[in-house]
2 protein chains.
Amino acid sequence: MKPSVVTSELNGHFCDDCAVRGAAVCSSLDAAELREFEHLGRRVHFDSGETVFSEEDITTSFYNVLEGVMRLYKLLPDGRRQIVGFALPGDFLGMNLSGRHNFSADAIGVVNVCQFPKGPFGRFIEDRPQLLRRINELAIRELSQARDHMVLLGRRSADEKVATFLLGWRERLVALKGPSDMVALPMSRQDIADYLGLTIETVSRTFTKLERLGVIEIIHGGISLLDPARVEAMAAA
Amino acid sequence: MKPSVVTSELNGHFCDDCAVRGAAVCSSLDAAELREFEHLGRRVHFDSGETVFSEEDITTSFYNVLEGVMRLYKLLPDGRRQIVGFALPGDFLGMNLSGRHNFSADAIGVVNVCQFPKGPFGRFIEDRPQLLRRINELAIRELSQARDHMVLLGRRSADEKVATFLLGWRERLVALKGPSDMVALPMSRQDIADYLGLTIETVSRTFTKLERLGVIEIIHGGISLLDPARVEAMAAA
DNA sequence: GCAGCCGATTGACTCAGATCAAATTCGGCT
DNA sequence: AGCCGAATTTGATCTGAGTCAATCGGCTGC
């Protein structure tokens with residue numbers, strides 16, 4: 001929760017050894033551009049639970065997630081929370097029209113980001129349409145995911161929501177770390193509940209139910225997918 | 001539902017008299033560009049209920065809504081439907097990464113669109129970053145709206161959903177046609193239900209309840225907002 | 001080792017909204 | 001005007017998920 005931000009001293013330079021260089025916005029830049037680009041940003045570290053930015057904050061930077069997981073959420077005045085997504089390495093955050101963030105983001109576990117001040121980044125984009133195109137692609141991809149999530153929130157049962165979440169989350173981890181039936185769940189049950197539009201109790205009960213059915217095993221810090229096909233069947237209509 | 005498309009004979013030309021020229025993607029083009037641009041697209045008319053494009057269809061065109069209202073929706077295999085948005089004049093449809101539409105769109109009442117074949121449109125964008133920037137803006141705006149809608153779907157009660165919908169819809173009509181407390185609702189109760197993640201019965205009951213409370217009046221083809229402040233109070237937490 | 005905490009699980013009960021089932025209203029069309 | 005079909009409203013009942021309330025279990029710090 002505290003805004004204490006530790007800035008790495010081996011700063012900006014060395015996109016070379018950046019884990020997400022190929023995947024993130026940077027993938028649209030050639031070697032020379034990358035060299036210039038790396039001077040714009042700097043690596044910033046966040047500890048578990050720290051807030052990277054808050055809804056309604058004036059946008060001062062864009063962020064490229066390098067490492068770790070973040071929850072992105074919106075709060076209603078009375079405290080109800082909806083998590084609108086989880087950010088993983090390669091995700092790009094901070095785009096908006098209003099000049100203010102339209103959701104909050106905080107670190108789930110340790111997080112490293114590449115932070116770009118809005119002004120210089122905006123100027124860098126100006127004459128690099130391929131970077132703009134890349135950002136546009138990311139926005140369109142997110143839009144598509146957002147629409148899928150609307151279907152889940154509006155029209156799916158609790159069982160379907162949980163099953164869909166497990167498969168979707170696994171998919172993202174697979175893309176990042178390679179195939180595995182072990183699905184790490186760094187976020188809390190409350191986070192999952194707020195992502196799926198459920199309560200923590202319902203999420204917990206559904207996990208237990210899936211385990212009793214023998215389709216998953218609940219392990220520390222995640223689950224093991226014992227019967228992916230059955231989970232897929234539950235996720236579908 | 002039928003794909004019969006009537007093409008206006010006074011074709012492509014005359015963006016001049018286009019109602020949405022200032023608002024839509026076109027707003028990023030100067031007079032000369034607009035002249036070139038208008039040859040790319042053509043006006044296409046759809047009757048009430050006709051499908052403009054379907055989810056999973058290969059994207060062949062982009063669309064700029066000129067007139068009328070469209071429902072944008074996704075279906076689950078068993079027929080459950082989630083409306084992910086309503087398109088109004090000035091809205092731009094068809095952006096995607098997969099080469100396929102990721103939702104279906106059909107006309108609610110008569111609709112006119114400006115249709116651009118994907119290929120020529122893509123080529124036209126190539127060397128016009130300001131058009132790309134405009135499209136990016138539209139995508140980011142939609143993304144923000146999508147996130148707001150996730151909060152509504154995941155965390156709001158039926159009363160709050162309906163109240164929020166009425167205010168949001170009014171806002172869009174105001175932006176389009178100027179202020180009024182008459183809120184035209186061209187979509188059916190079923191459409192509203194599928195947009196809000198409710199059933200038609202719940203929507204109907206909530207309308208009736210609002211009317212009995214004296215905050216709206218249900219009139220033919222819409223409602224009259226008698227007490228906007230009270231509705232806003234219901235919409236907030 | 002164990003006391004205290006915090007997140008997760010489990011159980012009992014409730015309730016908002018869904019479901020099922022009629023009316024009723026509102027067109028359009030002879 | 002009068003009839004038909006679709007959309008909407010209303011009513012009665014049901015139920016999936018929420019709420020409230022204990023535990024449980026694993027870690028932390030003493």
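Every chain is numbered from 1, with letters handed out A, B, ... down the list of sequences. Side chains are part of it too, since the values below use all heavy atoms of this structure and drop only hydrogens, waters and symmetry mates.
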Practice problem: Salt-bridge test for Glu142(A) and Arg147(B): reply yes if a basic N is under 4.0 Å from a carboxylate O, no otherwise. | Solution: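 Arg147(B) and Glu142(A): salt-bridged.
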Exercise. Taking only the side-chain nitrogens and oxygens of Arg205(B), find out if one of them lies under 4.0 Å from OP1 or OP2 of dT9(D).
Key: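 No, Arg205(B) has no side-chain N/O under 4.0 Å of OP1/OP2 on dT9(D).
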Self-check item: Short side-chain N/O contact from His220(B) to OP1 or OP2 of dT25(C), under 4.0 Å
Solution: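 For dT25(C), neither OP1 nor OP2 has a side-chain N or O of His220(B) closer than 4.0 Å.
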Spacing between [X] atom [atom1] and [N] atom [atom2], to the nearest angstrom:
X: Glu201(B); N: dA22(C); atom1: CD; atom2: P; answer: 14 Å
X: Arg81(B); N: dA18(C); atom1: CZ; atom2: C1'; answer: 17 Å
X: Met234(B); N: dA16(C); atom1: CE; atom2: C1'; answer: 14 Å
X: Arg189(B); N: dC26(C); atom1: CZ; atom2: C1'; answer: 12 Å

Self-check item: With sequence neighbours excluded, residues passing salt bridge (charged side-chain N to carboxylate O under 4.0 Å, His left out) with Arg81(A)
Solution: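 Salt bridge (charged side-chain N to carboxylate O under 4.0 Å, His left out) check on Arg81(A) returns Asp191(A), Asp194(A).
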Quiz prompt | Sequence-distant partners of Glu55(A), salt bridge (charged side-chain N to carboxylate O under 4.0 Å, His left out), two or more places apart | solution =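 With neighbours one apart ignored, the set is Lys74(A).
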Exercise. State which residues pass side-chain contact (heavy atoms from CB on, under 4.5 Å) with Asp159(B); sequence neighbours excluded, sorted by chain then number.
Key: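 With neighbours one apart ignored, the set is Ser157(B), Thr206(B), Lys209(B), Met234(B).
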Practice problem: Estimate the overall bend of the helix from dG1(C)-dC30(D) to dT30(C)-dA1(D) from the end axes over five pairs each, rounded to 10 degrees. | Solution: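 The angle, to the nearest 10 degrees, is 40°.
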Quiz item: Which of residues 207-218 of chain A sit near DNA chain C, with a heavy atom under 4.0 Å from it?
Solution: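 Residues of residues 207-218 of chain A that come under 4.0 Å of DNA chain C are, in numerical order, Thr208(A).
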What does the list of N/O pairs under 3.5 Å between the protein and nucleotides 15-17 of chain D look like, with a distance for each?
| from | atom 1 | to | atom 2 | distance (Å) |
| --- | --- | --- | --- | --- |
| dA17(D) | OP1 | Ala158(A) | N | 2.8 |

